[in-house]
Each structure stands twice: as C-alpha cells, then as structure tokens.
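In this chain, numbering begins with 1 at the start of the sequence shown. Note that the coordinates shown come from a computational prediction; the quantities given were computed from them, not determined experimentally. Order of appearance sets the numbers: ligands from 1, and atoms from 1 within every ligand.
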Amino acid sequence: MTLPLSSRFRFAPDLTICRILNGMWQVSGAHGTVGPEPAVAEMFAYHDAGFTTWDLADHYGPAETFIGNFRHQFGARYGDERLSEIQAFTKWVPRPQRMTRRVVDEAIGVSLSRMGVECLDLLQFHWWDYSNEGYLDALDHLAELKHEGKIRHLALTNFDTERLRVIAEHGIRIVSNQVQYSLVDRRPEALMAAFCRENAVTLLSYGTLLGGLLSERYLGRPEPRRAELVTASLQKYKNMIDAWGGWALFQELLAALKQIAERHRVSIANVGVRYILDRPAVAGVIIGARLGIAQHIADNTRVFGFALDTEDHALIETILVKSRDLMRVIGDCGDEYR
Ligand SMILES: NC(=O)c1ccc[n+]([C@@H]2O[C@H](COP(=O)([O-])OP(=O)(O)OC[C@H]3O[C@@H](n4cnc5c(N)ncnc54)[C@H](OP(=O)(O)O)[C@@H]3O)[C@@H](O)[C@H]2O)c1
C-alpha cells in the first residue's frame, strides 16, 4: 500500500475504507467503451496503490460482474484470505413497485451472485418517489436481510434530510447517505451534514470533480458546447455549473483553485477533493474511474499529502459568495432526481 494511514477511515466498527473511493458508473457505457479484461486488470493498479474501496450499482452496466471477476482473479493471485482487503459498495435502485420481501430478495440475490460474495459490504438504497412510502417497506426487508447476514451495513443514496429523519424514526439504522457534494454543489451543508453528525450517519460524496471539469483541462477554456461533453458525467455537471453561476464564474473558481494548487504543488482536482474530505460528516469522496481508458492514480494519491489553510479557504470563499444558492434553485440533496 502506498497511501498514508490518513487515507483510511473507520466507516463502521468492522469496516475500514479508503477515503477516496473508485466510482464505477464510468464503466456503464455512458463514459466511453470499456473492455472487460483491461478494466479488471486495471482494478489491481488501484487496489495495489491503496485505493481499495469501490462504489458501484446494480444498474452500472457490468460493474457488479467486474467486482466478481476482480475478486476471483485477486483470490487466485494473492490468496482468498486477502479478499477482505477489498470493499465493494453497491446500490439498489428499484423501479417503483410494491416492495414485497420477494422483490427485495431477488434484487439482492442478483447483486450477491454477480459480485461473488455471501454478504454485501454496503447496500445503498435509492428511491424515486417519496409520495410512495414503499421505501419504508423496502428498508424493513433490507434490515431483515442484514439480520440474516446477506448485507453488512445498510445505507442510502440521494435521500433528503427530511426522509433521513423519517427513516431514523422508523427505527432503521443507516450508516451513510451518498450525495452530490462539490465546491459547486454545497447543498449537503444546509441541513444534511448537521443531521448526519447528530445521528452518526456519514456522507459519501460524488460529483466532487464535476466529471473532470474541475481540473486544469478546463482552465482558461471557452465554454464547451454540448457535443464536446463526451461523457454522461460531463453533461450532468455542466448543467450544475449553469445552475450555480455559469461558465465565467466557474473560470474564476478554477483560477483561484489553480493558485492554491500551485502553492501546495498539487492539482486543481486535489484541492477540490481535499476541500470536500475536510467537510463535516464526510467519510469519503468517490472519484469516477474510466477503467482502461484514463487513469489518475498518481495524482489522486497527492490528496493525502497536503492540507488547506485559512488563506486558501478565504480565497475560495471570495468566489463562492458570488454563486447561486442551489438549495433554493434545486432543493435538498437528491431533489434533482425527483
Ligand atoms: N448516487 C448517485 O446518484 C451517483 C451519481 C453520480 C455518480 N455517482 C458515483 O460517483 C462516481 C463518480 O462519478 P461522477 O460522475 O461524480 O464523476 P467525477 O468523479 O466527478 O469525475 C470523474 C472524472 O474526473 C476525472 N478525474 C479523476 N481524477 C482526476 C484528476 N486527478 N485530475 C483530473 N481529472 C481527474 C476523470 O476524467 P477522465 O476519465 O476524462 O480523465 C474521471 O473520469 C460514479 O462512478 C459513481 O460511483 C453516484
């Protein structure tokens, strides 16, 4: 392992993770064509560098199968006793329907079998429509599966603060909520972070690098046209920048981040990730990995080698005060999906 100890986080008493998680939406097909064999081969490079934690979902194309294949090859190479070094966090994103025990069993069974595990490290549950309270039924069944040893820890993704409270009052123990969180989208700070701290829930952040827009590659660049945004992530987060304050303000942010990055001899991406890792309640930042297409392992390692100081924060704030409040424009975390 090449990452320092500060890269590790005790996510639960029996589960330690890398604070930068490898995001697998990027293998779904919406971010370029990924070859299964080179992709799985590259998963070793992430793991061997210390990036041992993966974020995936039932609907990210072959992602769960990649984990299954990676575990199989990993066991053959290093011995099955070392398989516990890998953490794989999947999601269940059901279409709206009645949440019977059978529906839940079948969905979790598919993930277990594709990933080649007896028990999911973390199951992150998503729900599309709060007016349908079936999400509480689903969570009750998932809690039973946890009790039966098929799920180690139960988590959510894209739930708002109000529903986190409903779920807590319903008596379901949730360890984390995965939400969009970046220098551009700071909605988790409005309500969510305080609730999480009071209730021992952590946040896993995505969209922190805005699909790659938060990097030197876009510094000083004219506003990209739609056709130039070649991945689903770039399109998604360009919309977010438009809602937040537009391309000119984003260029001001990139220029300020570049100044900070140069001071610390790191990259703009490093500053963006470090900023979110230091926010209250944040357990980890998920960074998308286009396995076999593009790779940033060496650069992302630098996140754990520097700290932002008050001068850096003050400079960032001079830009952020000029932006729109996305809590007003969009609503609480996850409202963009509803
Ligand atoms: N729960 C949800 O609803 C949800 C939604 C979205 C995402 N996610 C999770 O979050 C993960 C991340 O996805 P995202 O869409 O948010 O993308 P992201 O992490 O904001 O962006 C990923 C892209 O950033 C670029 N990048 C990575 N490290 C870099 C570095 N050091 N310097 C410069 N560029 C760098 C890479 O671009 P290139 O490949 O072009 O080099 C990479 O493909 C997903 O895989 C998924 O696991 C969850």
Spacing of [X] atom [atom1] and [Y] atom [atom2] [to the nearest 0.5 Å]:
| X | Y | atom1 | atom2 | value |
| --- | --- | --- | --- | --- |
| Leu277 | Tyr275 | CG | OH | 12.5 Å |
| Ser267 | Asp299 | OG | CG | 3.5 Å |
| Lys322 | Leu253 | NZ | CG | 10.5 Å |

Considering only the protein, which heavy-atom contact is closest to [atom], and what is its distance?
| atom | value |
| --- | --- |
| atom 1 (N) of ligand 1 | Thr157 OG1, 2.8 Å |
| atom 3 (O) of ligand 1 | Asn158 ND2, 2.8 Å |
| atom 18 (P) of ligand 1 | Gly211 N, 3.6 Å |
| atom 39 (O) of ligand 1 | Arg290 NE, 2.7 Å |
| atom 36 (C) of ligand 1 | His296 NE2, 3.6 Å |
| atom 13 (O) of ligand 1 | Gln26 NE2, 3.2 Å |
| atom 48 (C) of ligand 1 | Gln178 OE1, 3.0 Å |
| atom 15 (O) of ligand 1 | Ser233 OG, 2.6 Å |

(request) Please state which part of Arg217 comes within less than 4.0 Å of ligand 1, counting heavy atoms only: side chain, backbone, both or neither. (result) side chain
Contact check: [X] vs ligand 1, nitrogen or oxygen atoms, below 3.5 angstrom:
| X | value |
| --- | --- |
| Lys236 | no |
| Leu210 | yes |
| Gly288 | yes |
| Ile287 | no |
| His31 | no |

For [X], take its heavy atoms, then give the atoms of ligand 1 lying under 4.0 Å from any of them.
| X | value |
| --- | --- |
| Lys91 | 1 (N) |
| Ile286 | 10 (O), 11 (C), 19 (O), 47 (O) |
| Ala269 | 30 (C), 31 (N), 32 (N) |
| Asp55 | 9 (C), 46 (C), 47 (O) |
| Tyr237 | 6 (C), 14 (P), 15 (O), 16 (O) |
| Gly23 | 11 (C), 44 (C), 45 (O), 47 (O) |
| Asp299 | 30 (C), 31 (N), 32 (N) |
| Gly207 | 16 (O), 20 (O) |

(message) Does the residue Gln295 have a heavy-atom contact with ligand 1, meaning some pair of atoms that are separated by less than 4.0 Å?
(response) no
(request) Determine, using heavy atoms of His126 and all atoms of ligand 1, whether some pair is separated by less than 4.0 Å. (result) no
May I ask you to check whether [X] and [Y] show a side-chain donor-acceptor distance below 3.5 Å?
| X | Y | answer |
| --- | --- | --- |
| His47 | Asn22 | no |
| His264 | Asn270 | no |
| Glu85 | Thr52 | no |
| Arg338 | Ser131 | no |

Main-chain N/O of [Y] paired with [X] side-chain donor or acceptor, under 3.5 Å:
| X | Y | result |
| --- | --- | --- |
| Trp128 | Val93 | no |
| Arg324 | Asp242 | yes |
| Lys91 | Leu56 | yes |

(message) Looking at Glu228 and Arg225, is any side-chain nitrogen of the basic one under 4.0 Å from a carboxylate oxygen of the acidic one?
(response) yes
(message) Tell me if the aromatic rings of His153 and Phe11 count as close, with their centers under 6.0 Å from one another.
(response) no
(request) Going by the side-chain contact (heavy atoms from CB on, under 4.5 Å) test, name the single residue among Leu219, Leu214, Leu183 that passes it with Phe250. (result) Leu214
(request) Taking the side chain as every heavy atom from C-beta outward, state whether Val103 and Pro94 have any pair of such atoms under 4.5 Å apart. (result) no
